[in-house]
Each structure stands twice: as C-alpha cells, then as structure tokens.
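Here is the structure we will look at.
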Amino acid sequence: MEYEAVIGLETHVQLKTQSKMWCGCANAFGSDPNTNVCPICLGMPGVLPVPNAEAIRLTALTGYLLNCEIPRFAKFDRKNYFYPDSAKNYQVTQYDKPSTANGWLEFEFDGPGSVDGMARVQITRAHLEEDVGKNSHFDRFSGVDFNRAGVPLLEIVSEPELNGPEMAYAYLRALTDVLFRGGISDCDMEKGMVRCDVNVSVRPKGSTKLGAKIEIKNMNSFSGVRRAAEYEIARQIEVVSQGGKLVQSTRRWDDVAGITEEMRTKEHAHDYRYFPEPDLMPMQPSDDWIAAVRTRLVELPLVRKQRLMRDYQLPAGDAEVFRSNVELGRYF
Ligand code: ADP
Ligand code: ZN
Ligand code: MG
C-alpha cells in the first residue's frame, strides 16, 4: 500500500512592537537576563494587564495580509498550566473567539499538489497571545529569563493541507516573507522570533480521512522543520505498513541525533481549563479602526513579482530579484 503525508503548522511569530503585550517593558532581544521585567510580566499577585494597542492592530493587519475575516467580536482567554517559564501559571491567548479567522496563503511551490508552480493553503486563524520566559540549563543549576515573558506573539494556524516537508518549507518561507514585508515581525530565526509546531500524520494514498495527529513541538528553524517532517513521515509509514497503530501524541525533535522522541500521548494531554480572561475587555473593532488598519496594507511580495512580470514582461528570474530586493525593485 502507498501512503501520503498530511502536515498542519502552528507558527508563532513575535510582533514588532516597542513594548510588551500587557506592560511598558521593552520588547527587546539580547538584554541582560531579567532586566526588561516588571511586576506585571513577572506575574505578581494583584497586577492588572493593559493591552498593547499596536499589537492588536498588527494582528488585524496580519489577518488582512492572509485574506482572513476580522470578526467584530474577539476576546482573550486564560490557558492554565504550571511551568517555570510562565510566572503567572497561565498564558493569555485567544481560544474560541480569535481576532482573525478563515484565510489563505498562496505561495510559489513546484511539486506535488501545485498548479502552475503555485500552491494555496487555508489559514484557520491567526490569534494573539503572549510569549513566555526562557529556561536555560547549566551544569549545576537552571535559570529563567523573563525578558521574553509577555512579548506579543501571533499564532498562525494552518489547515492540515500541506502534503510534505517541501511544501511545509515553502509555506513557511512565504509566510515569514509576508509578515516581514508587512512590518508585522522581523521574523529573525536566530533571535527566536519564529517558532513552529509541526503536526504530521499519514494515511493511505487517496484516503480523505485524517490519520492520528502527531505533533512535534517547538521547532526553531525551517530546515529543522523539513528534516523533522521527513523523519517523522518515514517513521509513521514504517509503523503503519508493519501493521502497527499510531496514537495521537506529542514528540520532540533531537536536532543532533536527527530523530523525534515521544514526550506524551493523548491520555497524558494537558487539560488547560481555558476560560475568558476576566481582566481584559472583549474587542469589538469599529469601521474607523478597521479602515485605519487597512491603510497600512502593503503589496505582497508575490503579488509584486507577478505584477512586474505582467506589466513589464520581465522574466521570472529578474522579477524574483526585485521581489526580494524591494529597494532595487522600486528603482527599477
Ligand atoms: P488543537 O490545537 O485544538 O488540537 P487541531 O488539532 O485541530 O487543534 O489543529 C492543530 C494543528 O494541527 C493545525 O495546524 C491542524 O492543521 C493540524 N492538524 C490537525 N489534525 C491533523 C492531522 N490529522 N494531521 C496533520 N495535521 C493535523
Ligand atoms: Zn513588564
Ligand atoms: Mg498544538
């Protein structure tokens, strides 16, 4: 029997704001540990969050860049869990009423599932949440740096429509290109501004039913995503073709060994006890607010390339140069 892979990506991107999501601390990379912190992002009892207006605008702008609907009602929710990187013991995120939903991303891709060198993937939602701190493990102790805690983070969820590691890679490249060009995020991988959960399943070729979802957590490079997906697809096909059964589970990628390892199965899944964040008002964007956000829309890199080819009969190679080098493109 032949098998095919199904991949869905949850991509976390740090927003390009001056300050954090709920306080005035700097959203900056590379400061000394625990210097960009205050009682709010350290989760002290009794403090109250004040939402970052620019982060909410950038979320809606992302929605428009990704062809999403911007619902006229959205809210924040608490996702409860205990882990040292989150001093509050919950993360504020958006659960059932996200700020954007039902979009799509079209991107260049030459391979299975593409039409004329293009592919399209549905975007389930892009919602706003907060980043957590960073744990570091040393010889004899561990440390937590809360500089990153409370930095605005966008989670962009794709539908399970990517058909392999190459398509996932092309999608990620195109997504970050759009977000970078749109002024949403610097998307600097070296600084951990983009992180990805990779959901992988396999099924008999041609079947429409999804196989058991296996999630590889917290990938921080595109090539890592591609390698992890390649490994995981081969592993899953090996299991099912030998008559084994796959169960919904979470795995981690070991970049040095080049393998994925099981972290937990569905029976041990977290119960996050989501509930509406009582300290924050729901959001009801007005026409004026939406119009102001929309004035910040830019021409997408791919649209720009296609326009240059159409309007000036440029060969694809030349238009590609002007797509990636915006200044040179403007001069042209
Ligand atoms: P939740 O995080 O609430 O469990 P889902 O499991 O529906 O949400 O989706 C999380 C991500 O997993 C999405 O990107 C989705 O496309 C992907 N996904 C869901 N089911 C599968 C599957 N069977 N195979 C591959 N990816 C999947
Ligand atoms: Zn703070
Ligand atoms: Mg997930």
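What you are looking at is a predicted structure, and each value in this text was computed from that prediction instead of being measured. Both ligands and their constituent atoms are indexed starting at 1 by order of listing. Basis for what follows: all heavy atoms, side chains included, without hydrogens, waters or symmetry-related copies.
At a 4.0 Å heavy-atom cut-off, ligand 1 touches N199 through backbone and side chain alike. Heavy atoms of T124 found under 4.0 angstrom from ligand 1: none, in either backbone or side chain.
Figure legend: R304 and F322 shown without cation-pi pairing, the cationic atom not lying both under 6.0 angstrom from the six-membered ring centre and within 45 degrees of its axis.
When atom types are taken as modelled, the side chain of R226 and the backbone of Y169 share no donor-acceptor pair closer than 3.5 angstrom. The closest donor-acceptor contact from the side chain of N34 to the backbone of V144 lies under 3.5 Å.
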For this session: Start with the C-alpha gap between K75 and E277, add the side-chain angles, then the distance that decides, and say whether salt bridge (Lys or Arg N to Asp or Glu O under 4.0 Å) holds.
Result: CA-CA 8 Å; K75 68 176 172 67; E277 166 59 61; over 6 Å; no
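The aromatic ring centroids of Y312 and F332 lie less than 6.0 Å from each other.
Atoms of ligand 1 found under 4.0 Å from any heavy atom of V157, numbered from 1 in the order shown, are 13 (C), 14 (O). Interface atoms of ligand 1 facing E159, defined by a heavy-atom separation under 4.0 Å, are 16 (O). Interface of G211 with ligand 1, defined as ligand atoms under 4.0 Å from a residue heavy atom, comprises 23 (N). Against a heavy-atom cut-off of under 4.0 Å, L9 is close to the following atoms of ligand 1: 14 (O).
Judged by distance alone, the side chains of T124 and E159 do bring a donor and an acceptor atom under 3.5 Å apart.
At least one N or O atom of P160 sits closer than 3.5 Å to an N or O atom of ligand 1.
When the options S201, S158, A212 are ranked by their closest heavy atom to atom 15 (C) of ligand 1, first place goes to S158.
The Zn ion (ligand 2) forms the vertex of an angle spanning SG of C25 and SG of C23; to the nearest 10 degrees it equals 110°. The SG atom of C38 and the SG atom of C41 meet at the Zn ion (ligand 2) at an angle of about 110°, given to 10°.
Crowding of Y331 atom OH: a count of heavy atoms from other residues, nucleotides or ligands under 6.0 Å not exceeding 12.
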